Amino acid sequence: MIQKQYFGTLTGHGEVFSYLLRNQSGMSVRILELGGAIMELKVPDRIGRVADVVSGYDSLRDYMLDTTYFGALIGRVANRIANGEYTLGGKSYSAFVNNGPCSLHGGKIGFSHRIWSVKPIDGEEPRLILALHSPDGEEGYPGNLEVTVTYTLLSSNALSIHYEAKTDRRTPVNLTNHAYFNLGGYASGTIFDHVLRIDADRYIPTDGDLIPTGEIRSVKGTPFDFREPKTVGRDFYTDSEDLRLAGGYDHCLCFTDGETREPTLRMEAYEPNSGRLMQVYTNQPCVQLYSGNFLNNAEHPQKGGYPQIPQTAFCLETQKMPDAINREQFDDVILSPDEIYDYTTIYKFSVR
Ligand code: BGC
């Protein structure tokens, strides 16, 4: 079932709507036209009590002004580009620098802050098809990019996000979703007790500006080894240069054996009090594990007035490597006119 609801008015655009998708297994998700953001995601716990497990805001103003990227679709290039600069086909390009010395998450007005056109398709497994046109030259990126993102709420209590993009010139593309999760409920406190498993054998160290140093390092013997389940908190305060520089987990972890053809189970997060389990399937090669270290903007409280507090939510942003456009040994992030960008990530919820 799909319900469209007025959310707010944006100067120069007009009314902005959200869409509530519900299935018959007790799960619902609300998506906003602005940024295609997941505003709310409700799933039952072990005894059937439903909670909203994603961070979000109550007002359009907060979605426009804050830089948390709560739940939003991110593009044209997710994550950081050092100095916003890159070369492609012998030509230099500059993307807008909006985060220290980097261009982060698409630049000045990334896909996260654009109004997407939304086509609802109702049914037992309700679907929203979101589309965006990113013109040639926008934010310093070449080529007209046509982006389609399909959210499907499956009967198995999973949210599938299918990303597709086409271009008419070679351009870097790296799309993701920036949902912040706390499986105890978004207002339930820290995430340190969540048990996390990530099928990643390498990670990317960064400098103090969170720019990759260029190295791809084994997770073995580091706090980034989640191959056996462990709590987020277990190694959080260990003496680690990487964690210190980033103020927590804010790193790209590379899945074992790289990208797959079909979405593959790569990550699990379990919250013992509620019993909620989230399993993440993807065909992307990497994930940005982010422990919400910059959740500290007192001017933009979350839904219901709940404050922003560091490490009270985490992101598992499936994507390709950061600053890959500037690093030969990193993932290929160039989309050509003869290719289709085609990735899927599925967040599946159950209880244990
Ligand atoms: C980045 C963080 C950044 C956050 C934006 C994450 O994807 O890794 O460093 O602060 O997005 O709020």
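Fair warning: this is a prediction, and the values are worked out from it, not measured in the lab. All ligand and atom numbering here is 1-based and tracks the order in the structure.
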Item to check | Criterion side-chain contact (heavy atoms from CB on, under 4.5 Å) on Tyr163 and Asn177, from CA distance to verdict | outcome: CA-CA 10 Å; Tyr163 303 84; Asn177 176 282; 3.3 Å; yes
Next on the checklist: Tell me whether the NZ or CZ atom of Lys230 lies within the 45° cone about the ring axis of Phe226 and under 6.0 Å from its centre.
Outcome noted: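 Judged by the rule (NZ or CZ under 6.0 Å from the ring centre, within 45° of its axis), Lys230 counts as positioned above Phe226.
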Checklist entry - Sub-3.5 Å donor-acceptor pair from the side chain of Arg202 to the main-chain atoms of Phe255, do we have one? => result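 Checked: pair present.
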Checklist entry - Near ligand 1, which protein residues have a heavy atom under 4.0 Å away? => result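 The 4.0 Å shell around ligand 1 contains Thr67, Thr68, Tyr69, Arg80, His105, His178, Tyr180, Leu210, Asp250, Gln288, Tyr290, Phe294, Glu317.
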Checklist entry - How many angstroms lie between atom CZ of Arg114 and atom NE2 of His133, to the nearest 0.5 angstrom? => result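 These two atoms lie 8.0 Å from each other.
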Next on the checklist: Checking side-chain contact (heavy atoms from CB on, under 4.5 Å) between Leu73 and each of Leu175, Leu130, Val147, which is the one that passes?
Outcome noted: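 Result: among Leu175, Leu130, Val147, Leu130 is the only option passing the side-chain contact (heavy atoms from CB on, under 4.5 Å) with Leu73.
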Checklist entry - By ring-ring contact (aromatic ring centres under 6.0 Å, His included), which residues pair with His105, not counting sequence neighbours? => result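 So His105 forms a ring-ring contact (aromatic ring centres under 6.0 Å, His included) with Tyr69, His178.
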